[in-house]
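Before any comments, here is the structure.
Below, read A as the first sequence line, B as the second, and so on, with proteins coming before strands; counting in each chain starts at 1.
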2 protein chains.
Amino acid sequence: MQEQTDPPGEPNPGLVSTAIQAITQHIRSEGLAPGDPLPSEAAMTRQLNVSRTVVREAFRSLSAMRLIDMSAGRRATVAKLDTGAMSMVIEHGITTQQISVQQVYDVRRTIEMRTVALAALRRTDQEAAAIAQSARQMRENFRNPEAVMEHDIAFHEAIAAASHNPVFSLIVTAFSGVTRRTWVIGWRTRSSDEAQLKMIKGHEDIADAILKGDPRLAAEHMAEHFDKSVKALIDAGIA
Amino acid sequence: MQEQTDPPGEPNPGLVSTAIQAITQHIRSEGLAPGDPLPSEAAMTRQLNVSRTVVREAFRSLSAMRLIDMSAGRRATVAKLDTGAMSMVIEHGITTQQISVQQVYDVRRTIEMRTVALAALRRTDQEAAAIAQSARQMRENFRNPEAVMEHDIAFHEAIAAASHNPVFSLIVTAFSGVTRRTWVIGWRTRSSDEAQLKMIKGHEDIADAILKGDPRLAAEHMAEHFDKSVKALIDAGIA
DNA sequence: AATAACAACCTATCATACAGGTTTTGAGGG
DNA sequence: CCCTCAAAACCTGTATGATAGGTTGTTATT
């Protein structure tokens, strides 16, 4: 097998890349939606005239990016929008010191100034309640930093969701991993109960502004929140 | 081989996922920088006590996300920050209709309002020149839409680069693919030469503001540019 | 008609083989 | 002693075949 060469346009992008393109192309041309099944590996093998090894590596790559879902016995399916790949890129940038935590916070500030304003304008009552509840749970679990952090993250993701723009959600969620790695540092610099409660109060102010539907006020509180967070990180010596 | 089971904590996330984690973990723990070599597939095979197939699929997955570089004969190396994976996620969202072009433009507007302001503050003279040159080339190739588009994209990426925050660059570049698919539509709605030249003038205004180091003016021109672009897309019926 | 065993299909993983690249090494010549 | 260059060692890319185990639809039994 494998005598019939592809049209000799490009020299060698590798068979796997070709297969990946073929699969994404298939999704596009068939107009597949999340949940729809893809061809089996065997079918793809025949169609592309390559070994199953190549097809498998292609599927696996798409699965790693969370563009498709795979599981044993079942055919692969088109995946719902997921932040998996983006998170890994950001994490990679951080661990290889190509980007700094502060740079990530700069971007977060830019984006969340917007999501919070949009949330104030577009939130449903249910979304406003979810946001407020995350803030409340931060206060309730006040003695458990781990829990405060998770509710903090959920708070920001809930705001992004209330912006009703999934691209914002995608980006904000992609940054959550970085937050998980640095959050405690910021928390520790707020050494007194008072300072910590003030930070939680900041979240409640944001939630209130969203509930009131006041985008300007919400953005103001968010800006303040980020300025303090960044300051905390800098004080702690995070580059 | 393969009798010695992993500590039976998790049931079965799949050997490949485990391998992927092992590799990223290796990068982290060894403090590898871009260009540094990773262990060979054979070495990884021994270390993880799995077949080469599994290790290969893990490497290939990371390569698809552009976290590592692979090429025949050479060992894989840690990759420089690249937008590959992010682009694919966005594209996937668009083709599966989970996000709309307009939503992407909303995010772009938010981000580029910021990058342009930062560029005005932080740009080097060389960066200002590169931005101005892209604008100039848009005008010079005015009769060739394809060329105008590429210079337009380069213009925005140059501004992101001049913000001196690679995360912004990453995101802006990730959106370029979407731009390539919709740009022409916007261009066509500017039916007269006059309207098209006005759009190019908008870019020159932005470049000037950056050169002058005026972040407020730069952001204003950028906002105007995006408002017109979005309007053009909506006029053309892009949801 | 409900259900349980089964067949067909599919993915997960392993082992092996061979065809090219790339790097290392070492022998021979200057 | 150093340079050169070709063989050797190592590495990735792809193909093939085999087995285990999960999923699903079908059929035979009750």
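Distance Arg46(A) CZ to dA15(D) C1': 17 Å, rounded to the nearest Å. Straight-line distance from the CG atom of Leu15(A) to the P atom of dG20(C): 13 Å, rounded to whole Å. Atom CD1 in Ile68(B) sits roughly 12 Å away from atom C1' in dT12(D) (whole-Å rounding). The CG-C1' distance, from Asn49(A) to dT16(D), rounds to 14 Å in whole Å.
Residues meeting the side chain to side chain donor-acceptor pair (under 3.5 Å) test with Ser87(A), sequence neighbours left out: none. For the side-chain contact (heavy atoms from CB on, under 4.5 Å) test, residues two or more places apart in sequence or in another chain that qualify with Thr179(B) are Tyr105(B), Arg108(B), Ile153(B), Trp183(B). Qualifying salt bridge (Lys or Arg N to Asp or Glu O under 4.0 Å) partners for Arg56(A), counting only residues two or more places apart in sequence or in other chains: Glu41(A), Glu57(B).
Ring orientation note: the planes of Trp187(A) and Phe142(A) are nearly perpendicular, at an angle over 60° on the 30°/60° scale.
Contact annotation: side chain of Ser51(B) to base of dA15(C), donor-acceptor pair absent below 3.5 Å.
A donor-acceptor contact shorter than 3.5 Å links the side chain of Thr24(A) to the backbone of Ile20(A). In this structure, the side chain of Arg123(A) engages the main chain of Ile210(A) through a donor-acceptor pair within 3.5 Å. Thr110(A) contributes no side-chain N or O that, together with a main-chain N or O of Ile111(B), makes up a donor-acceptor pair within less than 3.5 Å.
A salt bridge links Arg181(B) to Glu91(B): one of the charged nitrogens lies within less than 4.0 Å of a carboxylate oxygen.
For the pair Arg56(B) and dG13(D), the criterion of a side-chain N or O lying under 4.0 Å from OP1 or OP2 is met. Of the side-chain N and O atoms in Arg52(B), none sit less than 4.0 angstrom from OP1 or OP2 of dC14(C).
When distances run from any side-chain atom of Met70(B) to the nucleotides dC14(C), dA15(D), dG13(D), the shortest one goes to dG13(D).
In the region residues 57-65 of chain A, proximity to DNA chain D at under 4.0 angstrom, judged on heavy atoms, holds for none of the residues. Near DNA chain C, meaning a heavy atom under 4.0 Å from it, residues 30-43 of chain A has Ser40(A), Glu41(A) in order of number.
Atoms CE and CZ, from Met149(B) and Arg180(B) in turn, are 6.0 Å apart once rounded to the nearest 0.5 Å. We find the CD-OG distance between Gln103(B) and Ser163(A) to be 8.5 Å, quoted to the nearest 0.5 Å.
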Exercise. Which letter, B, S or -, goes with each nucleotide of nucleotides 21-26 of chain D from 5' to 3', with contact meaning a protein heavy atom under 4.0 Å?
Worked result: -BSS--
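The residue from Leu32(B), Val78(B), Leu38(B) that alone fulfils the side-chain contact (heavy atoms from CB on, under 4.5 Å) condition with Ile68(B) is Leu38(B).
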